[in-house]
Amino acid sequence: MAQTIQQQLVYYTKQAVKELYGADMPENQIALQETRKEFDGQITIVVFPITRFSKKAPEATGTEIGVYLQQRIPEMTAFGTIKGFLNISLSDSYWISLFSTQIVQEGFGIFPANGRKLMVEYSSPNTNKPLHLGHIRNNLLGHSVSEILKAYGYDVIKANLVNDRGIHICKSMLAWQRWGNGETPSSSGLKGDHLVGKYYVVFDKEYKKEINELKAQGQSEDEAKKNAPIIREAQRMLQKWEAGDQEVITLWKTMNGWVYAGFEQTYGRLGVRFDRYYYESDTYLLGKDIIQEGLDKGVFFKKEDNSIWIDLTNEGLDEKLVLRGDGTSVYITQDLGTAQLKYDDFGMDESIYVVGNEQDYHFKVLFLILKKLGKPWANGLYHLSYGMVDLPTGKMKSREGTVVDADDLMDEMTDTARRRTEELGKTEGLSEDEKAQLYHMIGMGALKYFLLKVEPKKRLLFDPNESIDFQGHTGPFIQYTHARIKSVLSKGAFTDSLPLLSPPSLAPSERDLIQVLGNYPMIIEASAKEFSPAQLANYVYEVAKQYNKFYHEESITKAEDAEVRNFRLYLSETTARTIAKGMGLLGVEVPERM
RNA sequence: GCGCCAAUAGCUCAGUUGGAUAGAGCAACGGUUUUCUAAACCGUCGGUCUCAGGUUCGAAUCCUGAUUGGCGUACCA
């Protein structure tokens, strides 16, 4: 492939430094950036680093480099040096040809397969309660990161490790057994996960009541928590489960079945999918052989009570228990085993865990242990840590009912989308089906974009009293832009067979749009490397914004010259495709009209 | 106590390997439609980038220390 203009600029700048100043400047010190809007030009070379070699003032140096470059790069029409910044203007014909030969191509920004396999584990719900807003963030992040990595050339496996066993499930089961009166999703009309969640709350109420009674009898908080009859009963149930008790297993299967049916619906609405499910009921006993391996290798050590530990104090961490004294597993034991299992199953080069930042320490330890065990694949592990979703009142807590329920929120979003669309009178000629589809698309677009535009690492504030916007820097704005372009294309009778002609010159907003569109591959690369859908989300907004500016300033279908008209139609069509592709990687669909 | 993370406009957020006068959206105010969708566009207002030092030609960005908030530091997951 031919050299890009950026590569040429770097190359010739290096040559210029050599010829003019007799110095060898490393290429990575040559800093290019986009020219700020208030100055002429499109690309800027920062001159300051060069003055080290020129031993001259920034202005003089910039001008000398500028003259040198202009003599050698025909696309360069002008330059200006302002306060140490060499601003370079490129000819309209350069931008036109960049668009016509590259950006317009179907494959622009699609990276070839890189031959590497990668797993993204996300969602990983507990099966004792329905999903809430925090889970939505996790699911959207996991899904979007997977799609971005696919676009970047990875072979991606999406995995979901379902926490389907344990004391929390038994709590729901026990409460249902006692107070459920045989209630089922069909008898109650409740979605399965909500039904099970209801009994989780029932359990907690009763548990608290018993704790208070015991405290009234003089027990301490800790004692009461341990001694409450209902929690002891739940623990007995867990033991029965582990022993394979038929009755308990049957109930467990039934209630988990309800939950899975509910989750499938929610996943469907969210538009997330998985290639592989792992269940903790299958994996919770794994990892003990790894413990033995670690003992043999001298990575772990045994204490007097037979508990097994790893000493990470040299790494600035603590001693960490990896197996209980009675030989049973802890959380990290199964995670060690599951990591090995996943690798045995797929042999992937990299493995991403999408898990909240409350588990930063856990993953640090997990990865470190696997490295110390000499697992060659341990270097490919990465914890994609994201911030909690907080309410103005603080953290969401399932048991206290202060959660924003996923299904309710999606209903609300769709409803708002319907109201707004009707207010704007944009439903004419749509069938009921099409309307429903559109409202879902817009509502989910608003929600998803709202969550994904924020850097994963940062915590996210959600105020239930303030509805998510549909205007400005939002999903619907971008969706609207797409629909608007589609309308232009149909008015302009655009088809692939229309000849792509070259206009004699470009309007400023037109040239800016081409420049923004040209950044798409860079953005995919950056988002993939940093596992950050937020970068892509903000980029797509920029594209939409720049298009709207262009749309307002210039005529498209009404342009007088055929060259200009055709070119602008292609520019519009490419913008629509870029928006659709980018939003697609975020898991957001875009409508043909709205 | 120790560790990790965050702090940018009234609010929600951007800000590339350190580069120009720190940018968007919302909110507020004003303007734009006989012309391709006004969920749009243009403008006004709004900043001690938490604070104090340091490194540098240059710091929101890097280093040190503090402040505030969150999380972790369980033989819980």
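Both backbone and side-chain heavy atoms feed into the values below; hydrogens, waters and symmetry mates do not. Naming convention: chains lettered A, B, ... in sequence-line order (proteins, then strands); numbering from 1 in each chain.
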**OP:** Can you tell me the pairing partner of B:rG3 across any strand shown, Watson-Crick or G-U wobble, with both distances under 3.5 angstrom?
**Re:** B:rC71
**OP:** Describe the nucleic acid contact of A:Arg593 in one word from base, sugar-phosphate, nothing, applying a heavy-atom distance below 4.0 Å.
**Re:** base
**OP:** Return no unless some side-chain N or O of A:Thr557 is found under 4.0 Å from OP1 or OP2 of B:rC36.
**Re:** no
Original post:
From the list B:rA14, B:rC36, B:rA40, which nucleotide is the closest neighbour of the side chain of A:Arg484?
Top reply: B:rA40
Original post:
Does B:rG23 have a Watson-Crick or wobble partner in any strand here, with both distances under 3.5 angstrom, and which is it?
Top reply: B:rC13
**OP:** Side chain of A:Glu455 only, please: which of B:rC36, B:rU37, B:rG15 is the nearest?
**Re:** B:rG15
Original post:
How far does the C1' atom of B:rC45 sit from the matching atom of B:rG31, given to the nearest Å?
Top reply: 15 Å
**OP:** Check every atom of B:rA20, B:rA14, B:rA77 against the side chain of A:Asn163 and return the nucleotide holding the closest atom.
**Re:** B:rA77
Subject >> hbond_proxy A:Thr481 side chain to B:rA39 base (donor-acceptor, 3.5 Å cutoff) >> reply: no
**OP:** When you get a sec, tell me which of B:rU37, B:rU35, B:rA7 is the closest nucleotide to the side chain of A:Lys458?
**Re:** B:rA7
**OP:** Could you please name the option among B:rC5, B:rA77, B:rA40 that lies closest to any side-chain atom of A:His552?
**Re:** B:rA40
Original post:
Is A:Phe48 stacked on the base of B:rG58, meaning ring centres closer than 5.5 Å and planes within 30 degrees of each other?
Top reply: no
**OP:** Check the pair A:Phe367 / A:His383 against ring pair (Phe, Tyr, Trp, His ring centres under 6.0 Å), numbers first and verdict last.
**Re:** CA-CA 9 Å; A:Phe367 297 164; A:His383 175 205; 7.2 Å; no
Subject >> Listed once per pair and sorted, the ring pair (Phe, Tyr, Trp, His ring centres under 6.0 Å) pairs that draw on residues 527-547 of chain A, sequence neighbours left out >> reply: A:Tyr382-A:Phe531, A:His473-A:Tyr541, A:Phe477-A:Tyr541, A:Tyr547-A:Phe550
**OP:** Indicate, with a heavy-atom threshold strictly under 4.0 Å, whether A:Ala483 touches base, sugar-phosphate, or nothing.
**Re:** base
Subject >> Shortest side-chain distance from A:Arg36, nucleotide among B:rU21, B:rU35, B:rA24 >> reply: B:rU21
**OP:** Ignoring the backbone of A:Lys457, work out which of B:rU73, B:rA39, B:rA6 is nearest its side chain.
**Re:** B:rA6
**OP:** Write down the distance separating the C1' atoms in B:rG30 and B:rU34, rounded off to the nearest Å.
**Re:** 24 Å
Original post:
Considering only heavy atoms and no angle criterion, is a donor-acceptor pair shorter than 3.5 Å present between the side chain of A:Asn87 and the base of B:rA20?
Top reply: yes
Original post:
Between B:rC4, B:rC13, B:rA6, which nucleotide gets closest to the side-chain atoms of A:Asp360?
Top reply: B:rC4
Original post:
Side-chain donor or acceptor of A:Thr474 under 3.5 Å from a matching atom on the base of B:rA39?
Top reply: no
**OP:** Check whether the aromatic ring of A:Tyr361 stacks on the base of B:rG3, taking stacking as ring centres less than 5.5 Å apart and planes within 30° of each other.
**Re:** no
Subject >> Counterpart base for B:rC29, defined by Watson-Crick or G-U wobble contacts under 3.5 Å >> reply: B:rG43
Original post:
From the list B:rG25, B:rA20, B:rA77, which nucleotide is the closest neighbour of the side chain of A:Arg324?
Top reply: B:rA77
Original post:
Which part of the nucleic acid, if any, lies within reach of A:Phe477 when heavy atoms closer than 4.0 Å are counted: base, sugar-phosphate only, or nothing?
Top reply: sugar-phosphate
**OP:** May I ask you to say what A:Tyr541 touches in the nucleic acid, namely base, sugar-phosphate or nothing, with a heavy-atom cut-off under 4.0 Å?
**Re:** sugar-phosphate
Original post:
Which nucleotide sits closest to the side chain of A:Lys545: B:rC71, B:rU37, B:rA24?
Top reply: B:rA24
Original post:
Using the ring of each side chain (for Trp, its six-membered ring), is A:Tyr353 parallel, tilted or perpendicular to A:Phe363, with breaks at 30° and 60°?
Top reply: tilted
Subject >> Assigned partner base of B:rU64, Watson-Crick or wobble definition, under 3.5 Å >> reply: B:rA52
Original post:
Is A:Lys83 near enough to B:rU21 that one of its side-chain N or O atoms lies under 4.0 angstrom from OP1 or OP2?
Top reply: yes
Subject >> SB check A:Lys486 A:Glu573 (cutoff 4.0 Å) >> reply: no
Subject >> Gap in Å between the two P atoms, one belonging to B:rA24 and one to B:rC42, rounded >> reply: 10 Å
**OP:** With P as the reference atom in both, quote the distance from B:rC2 to B:rA74 in angstrom, rounded to an integer.
**Re:** 16 Å
**OP:** Could you go through the salt bridge (charged side-chain N to carboxylate O under 4.0 Å, His left out) check for A:Asp222 and A:Lys226 one step at a time?
**Re:** CA-CA 6 Å; A:Asp222 286 352; A:Lys226 267 184 212 154; over 6 Å; no
**OP:** Could you tell me whether a side-chain N or O of A:Asn160 sits under 3.5 Å from a main-chain N or O of A:Ser124, the two making a donor and an acceptor?
**Re:** yes
